[in-house]
Amino acid sequence: MLSLSGRVGLIFGVANQRSIAWAAAEKTAEYGASVAVTYQGDRLARTVDALAKESNLPLALPCDVTRDEDIDGVFESVSERFGRIDFIVHSVAFAPKEALTGRFTETSRTQFQETMDISAYSLVKIAQRGAPLMSSGGAIVAMSYIGAERVIPNYNVMGPAKAALEANIRYLAHELGPAKIRVNAVSAGPVRTLAAAGIPGFRTMLSKTAEVTPLRRNITTDEVAQSIAFLVSDMSSGITGEIIHVDAGFHIQGASLSS
Ligand code: NAD
Ligand code: IMJ
């Protein structure tokens, strides 16, 4: 049976109740883990503090992943409270809104750099600071999307950022493996969260996806959370450097034609 009893987890990227990070926090806590969550900044403090309180999570901490001092502060707080970490979930992404419409070819240097810093580099910094606290091994999981591998309209600069994130997974898995730290990603199908709100055509994408996936439906946030729980648990002890698609099978299709 999947158990996270006695484990300490740190989950980055809660914005609200719909966040994948929040679903992962609730799920891993249900399986017995002590879970600390982070949120981007003051704007989200009240919402996330309230959620954490409701679900009896021990810590909710601010962390803007572009700031090394914020990341250091989070690890200090968790270390002070628990003395170690068993798993980390990275569920953070950002590209400037203007870069998510129009032509990818027009992406500016600053848009590219900001997107890469928040959505890809942050995993390296988090692993760098987290690994020393995983003294008896551990697991790191990040969130990806098929836009890393294939062209998805409007995903634009996020595509190269997720491609870099997936490469980070492999390089970190290679280096941290000897310390018994596994590093994997979940590549999720589209789910309705803040990061998907306001994306032009998102609703159409959801209905079209449900028509063509082998399972003939979309995935749920709960299914993503289950897979995250699996990847941070001993049930996946032989898996590292892997990108698991939790997308109702969308990624295997060679043509978007149902028959
Ligand atoms: P979400 O908006 O709830 O989560 C994204 C989080 O990133 C937010 O909490 C936001 O505050 C945080 N963030 C942005 N900039 C930050 C910064 N500078 N510092 C710290 N945090 C910052 O949406 P979500 O869908 O739960 O997204 C979580 C992850 O899942 C992302 O990596 C996203 O790319 C990925 N993902 C989402 C979908 C989807 O369809 N929703 C599909 C596949 C993958
Ligand atoms: C995001 C953009 C374009 C198409 C998209 C998405 N599709 C899906 C997403 C089809 C499923 C959601 N997704 C997988 C993401 O990784 C979203 C990242 C994101 C979303 C926003 C919206 C608000 C903003 N910046 C963002 N940066 C990254 O200002």
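Along the sequence shown, residues carry numbers from 1. Order of appearance sets the numbers: ligands from 1, and atoms from 1 within every ligand. Note that these values count all heavy atoms, side chains included, but never hydrogens, waters or copies made by symmetry. Computed from a prediction, not measured in an experiment: that's the story for all the values here.
Atom 40 (O) of ligand 1 has as its closest protein heavy atom V191 N, 2.8 Å. Among all non-hydrogen protein atoms, the one lying nearest atom 31 (C) of ligand 1 is A93 CB, 3.7 Å. The protein heavy-atom contact nearest to atom 7 (N) of ligand 2 is Y145 OH, 3.9 Å. Closest to atom 16 (O) of ligand 2 among all protein heavy atoms lies Y155 OH, 2.7 Å. Nearest protein neighbour of atom 35 (C) of ligand 1, counting heavy atoms only, is M143 CB, 3.7 Å. Nearest to atom 21 (C) of ligand 2 among the protein's heavy atoms is L100 CD1, 3.6 Å. Ranking the protein heavy atoms by distance from atom 10 (C) of ligand 1 puts Q40 OE1, 3.9 Å first. Counting protein heavy atoms only, atom 19 (C) of ligand 2 is closest to A195 O, 4.0 Å. Protein heavy atom at the shortest distance from atom 12 (C) of ligand 1 is V92 CG1, 4.1 Å. Among all non-hydrogen protein atoms, the one lying nearest atom 28 (C) of ligand 2 is A95 N, 3.5 Å. Closest to atom 4 (C) of ligand 2, if we only count protein heavy atoms, is I199 CG2, 3.4 Å. Scanning the protein heavy atoms around atom 23 (C) of ligand 2, the nearest turns out to be K97 NZ, 4.3 Å.
Between the N218 side chain and the G189 main chain, no donor and acceptor come within less than 3.5 Å of each other. E223 places a side-chain N or O within donor-acceptor distance of the main-chain N or O of T220, the cut-off being under 3.5 Å. When atom types are taken as modelled, the side chain of N168 and the backbone of A120 share a donor-acceptor pair closer than 3.5 angstrom. With hydrogens and angles disregarded, no donor-acceptor distance shorter than 3.5 Å links the side chain of S55 to the backbone of A52. When atom types are taken as modelled, the side chain of S233 and the backbone of F230 share a donor-acceptor pair closer than 3.5 angstrom. The main-chain N or O of R43 is never found under 3.5 Å from a side-chain atom of R46 such that the two would form a donor-acceptor pair. Here the side chain of S119 pairs a donor or acceptor atom with the backbone of F94 at under 3.5 angstrom. Judged by distance alone, with hydrogens and angles left aside, the side-chain atoms of K162 form a donor-acceptor pair with the main-chain N or O of M143 at under 3.5 Å. Without hydrogens or angle criteria, S108 side chain to Q111 main chain gives a donor-acceptor distance under 3.5 Å. A donor-acceptor distance shorter than 3.5 angstrom exists from the side chain of R182 to the backbone of L231, with no hydrogens or angles considered.
Counting atoms of ligand 1 from 1 in the listed order, those under 4.0 Å from a heavy atom of G189 are 40 (O), 42 (C). For ligand 1, the atoms closer than 4.0 angstrom to any heavy atom of S144 are 43 (C), 44 (C). Close contacts of ligand 1 with V14, meaning ligand atoms under 4.0 Å from a residue heavy atom, involve 9 (O). The L194 neighbourhood of ligand 1 comprises atoms 2 (O), with distances under 4.0 Å to a heavy atom of that residue. Close approach of ligand 1 to P190 (heavy-atom distance below 4.0 Å) involves ligand atoms 40 (O). Under a 4.0 Å criterion applied to the non-hydrogen atoms of C63, ligand 1 contributes the atoms 19 (N), 20 (C). Of all the atoms in ligand 2, the ones that sit under 4.0 Å from a non-hydrogen atom of F94 are 24 (C), 25 (N), 27 (N), 28 (C), 29 (O). Each of the following atoms of ligand 1 lies closer than 4.0 Å to a heavy atom of L44: 11 (O). Near G13, with a cut-off below 4.0 Å to any heavy atom, the atoms of ligand 1 are 4 (O), 6 (C), 8 (C), 9 (O).
Residues N184 and I169 come closest through the heavy atom pair O-CD1, 3.5 Å. Of all the heavy atoms in V191 and A196, the pair that sits closest is O-CB, 3.5 Å. Annotation for N154 and G102: closest pair OD1-N, 4.2 Å, computed over non-hydrogen atoms.
In summary, K125 and D70 do not engage in a salt bridge, as defined by a charged side-chain N under 4.0 Å from a carboxylate O.
Considering backbone and side-chain atoms together, K162 places no N or O closer than 3.5 Å to any N or O of ligand 2. Not a single N or O atom of P153, backbone or side chain, sits closer than 3.5 Å to an N or O atom of ligand 2. In terms of N/O distances under 3.5 Å, ligand 1 is not approached by T66. Considering both main-chain and side-chain atoms, A195 comes within under 3.5 Å of ligand 1 through a nitrogen or oxygen pair. Considering backbone and side-chain atoms alike, F202 places every N or O at 3.5 Å or more from each N or O of ligand 1. For a threshold of 3.5 Å applied to N or O pairs, the pair formed by I20 and ligand 1 contains at least one separation below that value. Taking any N or O of K162, backbone or side chain, at least one lies under 3.5 Å from an N or O belonging to ligand 1. For V65, a nitrogen or oxygen atom sits less than 3.5 Å from a nitrogen or oxygen atom of ligand 1, counting backbone and side chain alike. Checked against a 3.5 angstrom limit, the closest N/O atoms of D64 and ligand 1 fall inside it. Where the criterion is an N or O separation shorter than 3.5 Å, residue side chain and backbone included, A188 fails it with respect to ligand 1.
Sparse packing is recorded around CZ of R203, with 12 or fewer heavy atoms of other residues, nucleotides or ligands lying under 6.0 Å away. Environment of CD in Q17: sparse, with no more than 12 heavy atoms of neighbouring residues, nucleotides or ligands closer than 6.0 Å. By the neighbour-count criterion of 12 heavy atoms within 6.0 Å, atom OH of Y171 is sparsely surrounded, having that number or fewer from other residues, nucleotides or ligands.
Not a single heavy atom of V186 lies less than 4.0 angstrom from ligand 1. Ligand 1 is never approached by A23 to a heavy-atom distance shorter than 4.0 Å. Within the structure, the closest approach of S122 to ligand 1 does not fall below 4.0 Å when heavy atoms are considered.
Atom CD1 of I11 is separated from atom CD of E26 by 10.0 Å, given to the nearest 0.5 angstrom. To the nearest 0.5 Å, the span separating CG on D86 from CD1 on I140 amounts to 12.0 Å.
Contacts between T193 and ligand 1, counted as non-hydrogen atom pairs separated by less than 4.0 Å, involve the side chain only. Looking at M205 against ligand 2, only its side chain comes within 4.0 Å, counting heavy atoms. Heavy atoms of T38 found under 4.0 angstrom from ligand 1: none, in either backbone or side chain. With a 4.0 Å heavy-atom cut-off, ligand 1 is reached by no atom of A142. Here I118 has side-chain heavy atoms under 4.0 Å from ligand 1, and that is the only part of it that gets that close.
The option with the heavy atom closest to atom 5 (C) of ligand 1, from among A95, S91, S19, P62, is S91.
At a threshold of 4.5 Å between non-hydrogen side-chain atoms, the residues F82 and R7 do not count as touching. The side-chain heavy atoms of I152 and I146, taken from C-beta on, include a pair separated by under 4.5 Å. F250 is listed as a side-chain neighbour of T209, based on a closest heavy-atom distance under 4.5 Å.
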